[in-house]
Amino acid sequence: MSPALAQEKLYTVDDIYSLPDGQRAELVDGQIYYMAPPSRKHQEISGELFGIIREYIKSKNGSCRPYIAPFAVFLDENDMNYVEPDISVICDPDKLNDKGCSGAPDWIIEIVSPGSRRMDYFTKLFKYRTAGVREYWIVDPDRNRITVYDFESEDTQDYTFSSSVKVSIYEDLIIDFSDLANLLDL
């Protein structure tokens, strides 16, 4: 008779909220993934992209709301998936509450850092697609690459930091990454 397999502990959102102050982590399918503090370059890219998106939405009197990490996103109806995307754009105000976003944002941008590569390219890609995110961007400054997943049209495109990238969820928003690269010395 074979020995019983050890049961893997599954965590919930309560475990995330019980972490010591300053400790950041995400929860995917009941597994905790601890997050290192972001680098200066990561924060500059995130801040610039957020500013571009926020100003675009304001200029159009848009109803979507952009948020920058740390911002809680509860992807599913259960309490075993909690993420903090670098940038989230939510167009359905009913998904917003005092804790964050309950359900899939319309557009998510993750900026890759050495410790998040596998999580951003594989784990989150699958979770975001199945949760109903409409558009997912992976911005990878170390590889000079922006990968855009348009889940609605089932299309994937790769760009470099010398490209202009059209946002699928908007008619006329194009982000010029060469301007960003020059501004940030990338």
Side-chain angles (χ1 to χ4, degrees), residues 1-39 42-43 45-46 49-50 53 64-143 145-156 168-169:
M1 195 159 177
S2 64
L5 294 174
Q7 193 79 7
E8 203 173 288
K9 178 167 175 40
L10 294 179
Y11 296 91
T12 67
V13 171
D14 290 338
D15 294 304
I16 295 292
Y17 281 109
S18 297
L19 292 173
D21 285 347
Q23 176 70 63
R24 288 184 56 214
E26 294 178 306
L27 183 68
V28 177
D29 295 331
Q31 296 302 302
I32 291 180
Y33 296 89
Y34 293 96
M35 298 166 30
S39 69
H42 179 285
Q43 290 300 88
I45 293 168
S46 183
L49 287 172
F50 177 78
I53 295 163
C64 299
R65 303 291 301 266
Y67 294 92
I68 194 165
F71 178 73
V73 173
F74 305 89
L75 285 173
D76 301 320
E77 295 296 315
N78 65 37
D79 63 350
M80 296 178 65
N81 288 284
Y82 164 97
V83 292
E84 292 182 1
D86 291 311
I87 299 172
S88 304
V89 176
I90 296 101
C91 299
D92 180 354
D94 291 338
K95 290 183 178 180
L96 296 170
N97 59 46
D98 285 342
K99 287 189 171 188
C101 176
S102 184
D106 293 86
W107 179 22
I108 289 177
I109 299 175
E110 293 285 8
I111 298 150
V112 177
S113 47
S116 73
R117 187 169 301 285
R118 179 168 176 70
M119 188 77 161
D120 293 338
Y121 277 102
F122 299 102
T123 307
K124 286 184 177 178
L125 171 64
F126 175 76
K127 286 307 293 183
Y128 292 162
R129 180 178 22 208
T130 57
V133 171
R134 295 167 56 199
E135 186 167 355
Y136 175 41
W137 289 20
I138 301 174
V139 177
D140 193 337
D142 291 341
R143 292 187 176 166
R145 186 163 110 179
I146 300 100
T147 304
V148 174
Y149 296 93
D150 178 349
F151 296 134
E152 288 186 315
S153 67
E154 298 182 11
D155 186 38
T156 304
S168 296
I169 69 166

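Because the structure is predicted, anything quoted here is derived from the model rather than measured.
Rounding to the nearest 0.5 angstrom, the gap separating the CE atom in Met35 from the CE atom in Met119 is 8.5 Å. Glu84 contributes atom CD, which lies 11.0 Å from atom CG of Leu27 (distance to the nearest 0.5 angstrom). Note: Tyr136 OH to Thr156 OG1 = 12.0 Å, rounded to the nearest 0.5 Å. Rounding to the nearest 0.5 Å gives a distance of 5.0 Å between CZ of Phe151 and CG of Leu125. One finds the NE2 atom of His42 at 6.5 Å from the OG atom of Ser39 (value rounded to the nearest 0.5 Å). Rounding to the nearest 0.5 Å places OG of Ser116 at 7.0 Å from CD of Glu110.
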Arg117/Asp142 under side-chain contact (heavy atoms from CB on, under 4.5 Å): CA gap, chis, key distance, verdict: CA-CA 10 Å; Arg117 187 169 301 285; Asp142 291 341; 4.0 Å; yes
Residues Lys127, Asp76; criterion salt bridge (charged side-chain N to carboxylate O under 4.0 Å, His left out); working and verdict: CA-CA 10 Å; Lys127 286 307 293 183; Asp76 301 320; 3.5 Å; yes
Arg129 and Lys124: CA distance, side-chain angles, deciding distance, side-chain contact (heavy atoms from CB on, under 4.5 Å) verdict: CA-CA 8 Å; Arg129 180 178 22 208; Lys124 286 184 177 178; over 6 Å; no
Take Phe74 and Cys101 through the side-chain contact (heavy atoms from CB on, under 4.5 Å) test and state the conclusion after the steps. CA-CA 6 Å; Phe74 305 89; Cys101 176; over 6 Å; no
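Other residues, nucleotides and ligands place no more than 12 heavy atoms under 6.0 Å from the CD atom of Glu77. Environment of OH in Tyr17: crowded, with over 12 heavy atoms of neighbouring residues, nucleotides or ligands closer than 6.0 Å. Crowding of Arg118 atom CZ: a count of heavy atoms from other residues, nucleotides or ligands under 6.0 Å not exceeding 12. Heavy-atom contacts from other residues, nucleotides or ligands closer than 6.0 Å to CZ of Arg65 number 12 or fewer.
Checked options Ile146, Val89, Ile53, Ile45; the residue passing with Ile109 is Ile53 (criterion: side chain to side chain contact (heavy atoms under 4.5 Å, CB included)).
Counting heavy atoms from C-beta on, the side chains of Tyr34 and Arg24 never come closer than 4.5 Å. Between Lys9 and Gln31 the shortest side-chain heavy-atom distance does not fall below 4.5 Å. Using a 4.5 Å heavy-atom threshold, the side chains of Thr147 and Trp137 count as separate. Side-chain contact between Arg145 and Val112: absent, with no pair of heavy atoms (C-beta onward) separated by less than 4.5 Å. Tyr149 has its side chain within reach of Ile138: a pair of non-hydrogen atoms, C-beta onward, lies under 4.5 Å apart. Using a 4.5 Å heavy-atom cutoff, the side chains of Met80 and Tyr11 are not in contact. Looking only at side-chain heavy atoms (C-beta outward), Ile90 and Tyr67 come within less than 4.5 Å of each other.
Residues Asp29 and Asn81 share a closest heavy-atom pair of N-OD1, 2.7 Å. Minimum interatomic distance between Val73 and Gly103 (heavy atoms only, all atoms of both residues): CG1-O, 3.8 Å. The minimum heavy-atom distance between Asp106 and Val133, with the atom names listed, is O-CG1, 3.9 Å. The shortest non-hydrogen separation linking Pro85 to Tyr128 is CG-OH, 3.7 Å. The two residues Ala104 and Gly132 come nearest to each other via the heavy atoms CB-C, 3.7 Å. Nearest heavy-atom pair across Tyr82 and Ala72 is CE1-CB, 3.3 Å.
Defined by atom type and a distance below 3.5 Å, a donor-acceptor pair is present between the side-chain atoms of Tyr121 and Asp140. Checked by atom type, the side-chain pair Asp15/Ser18 shows no donor-acceptor distance below 3.5 Å.
At distances below 3.5 Å, not a single donor-acceptor pair connects side-chain atoms of Glu135 with backbone N or O atoms of Asp150.
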